[in-house]
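Presented below is the structure to which this report refers.
Residue numbers run from 1 in the order of the sequence given.
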Amino acid sequence: QVQLVESGGGLVQAGGSLRLSCAASGRTFSNYDMGWFRQAPGKEREFVSSISRSGTVRSYSDSVKGRFTISRDNAKNTVYLQMNSLKSEDTAIYYCAAVQTPAGLGPTRPGQYNYWGQGTQVTVSS
């Protein structure tokens with residue numbers, strides 16, 4: 001098993017920025033594709049971004065493309081989500097996810113991931 005712990009959420013004004021971090025346990029972090037998902041109250045879990053194990057393939061949902069940037073530091077077993085120009089529609093609990101896959105292209109569906117963090121709350125006001 002791999003354990004994921006998110007951090008960096010909080011309350012921010014519209015137009016502001018936050019940087020989320022996801023720390024993974026173990027020494028095989030580089031073997032996993034990583035993803036970020038979010039879920040607002042009463043809504044389904046939504047894909048935000050993913051990154052391949054090498055970091056060369058990155059995907060973004062249309063709603064965040066151009067505003068969010070995903071990155072990873074395999075030496076630190078950590079994946080990041082830099083969120084700029086935040087909107088009220090970005091308010092949600094953000095979840096980090098991991099999957100070990102031969103393809104290594106960064107899946108975009110929740111069912112494709114094996115491991116999940118407990119989430120960190122992001123609230124955008126105004």
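- Taking OG of Ser59 as the reference point, atom CG of Asp33 lies at 9.5 Å (rounded to 0.5 Å).
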**OP:** Check the pair Met83, Val122 against side-chain contact (heavy atoms from CB on, under 4.5 Å), reporting the backbone distance first and the verdict last.
**Re:** CA-CA 10 Å; Met83 305 185 295; Val122 172; 3.9 Å; yes
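- Among all heavy-atom pairs drawn from Ala23 and Thr78, the shortest one is CA-OG1, 4.2 Å.
- Between the side chain of Thr91 and the main chain of Val124, a donor-acceptor pair closer than 3.5 Å is present.
- Side-chain atoms of Asn114 never come within 3.5 Å of backbone atoms of Val2 as a donor-acceptor pair (strictly under, hydrogens ignored).
- Closest heavy-atom contact between Gln121 and Thr123: NE2-OG1, 3.3 Å.
- The main-chain N or O of Thr108 is never found under 3.5 Å from a side-chain atom of Ser50 such that the two would form a donor-acceptor pair.
- For the atom pair OG1 (Thr69) and CG (Leu81), the distance works out to 8.0 Å, reported to the nearest 0.5 Å.
- Distance check, rounded to the nearest 0.5 Å: CE of Met34 to SG of Cys22 gives 4.0 Å.
- Taking OG of Ser125 as the start and CG of Leu86 as the end, the distance is 10.0 Å to the nearest 0.5 Å.
- No continuous path of ILVMFWY side-chain contacts below 4.5 Å connects Tyr95 to Val48, so the two sit in separate hydrophobic clusters.
- A salt bridge is defined here as a Lys NZ or Arg NE, NH1 or NH2 lying under 4.0 Å from an Asp or Glu carboxylate O, and Lys65 with Asp62 meets this definition.
- Between Val99 and Tyr32, the closest side-chain pair of non-hydrogen atoms is not below 4.5 Å.
- Connection of Val64 to Val12 is established within a shared hydrophobic cluster, with ILVMFWY side chains joined at heavy-atom distances below 4.5 Å, either directly or through further cluster members.
- When side chains are defined from C-beta on, Leu20 counts as touching Thr120, because their heavy atoms get closer than 4.5 Å.
- Scanning both residues, Ser71 and Val79, for their nearest heavy atoms gives O-CG2, 3.0 Å.
- Looking only at side-chain heavy atoms (C-beta outward), Gln82 and Ser17 come within less than 4.5 Å of each other.
- Of the possible polar contacts, none joining the Arg45 side chain to the Gln39 backbone as a donor-acceptor pair under 3.5 Å is found.
- In this structure, Gln100 CD and Asn31 CG are separated by 5.0 Å, a value rounded to the nearest 0.5 Å.
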**OP:** Test Cys96 against Trp36 for side-chain contact (heavy atoms from CB on, under 4.5 Å), laying out the working first.
**Re:** CA-CA 5 Å; Cys96 177; Trp36 285 99; 4.0 Å; yes
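- Using a distance-only test at 3.5 Å, with no hydrogens or angles considered, a donor-acceptor pair links the side chain of Arg58 to the main chain of Ile70.
- The neighbour count for Gln118 CD, taken as heavy atoms of other residues, nucleotides or ligands under 6.0 Å away, does not exceed 12.
- If you chain together hydrophobic residues whose side chains sit under 4.5 Å apart, Tyr115 and Phe29 fall into the same group.
- Side chain of Glu6 to main chain of Gly119: a donor-acceptor pair is present (N/O by atom type, distance under 3.5 Å, no hydrogens or angles).
- Distance check: Ser61 OG to Arg38 CZ gives 6.0 Å after rounding to the nearest 0.5 Å.
- Looking at every heavy atom in both residues, Arg67 comes nearest to Ser85 through NH1-O, 3.0 Å.
- Counting only residues at least two apart or on different chains, no salt bridge (Lys or Arg N to Asp or Glu O under 4.0 Å) pair has a member in residues 72-84.
- Nearest heavy atoms, Ala92 versus Ala40: CB-N, 3.9 Å.
- The list of ring pair (Phe, Tyr, Trp, His ring centres under 6.0 Å) pairs with a residue in residues 44-85, not counting sequence neighbours, reads Phe37-Phe47.
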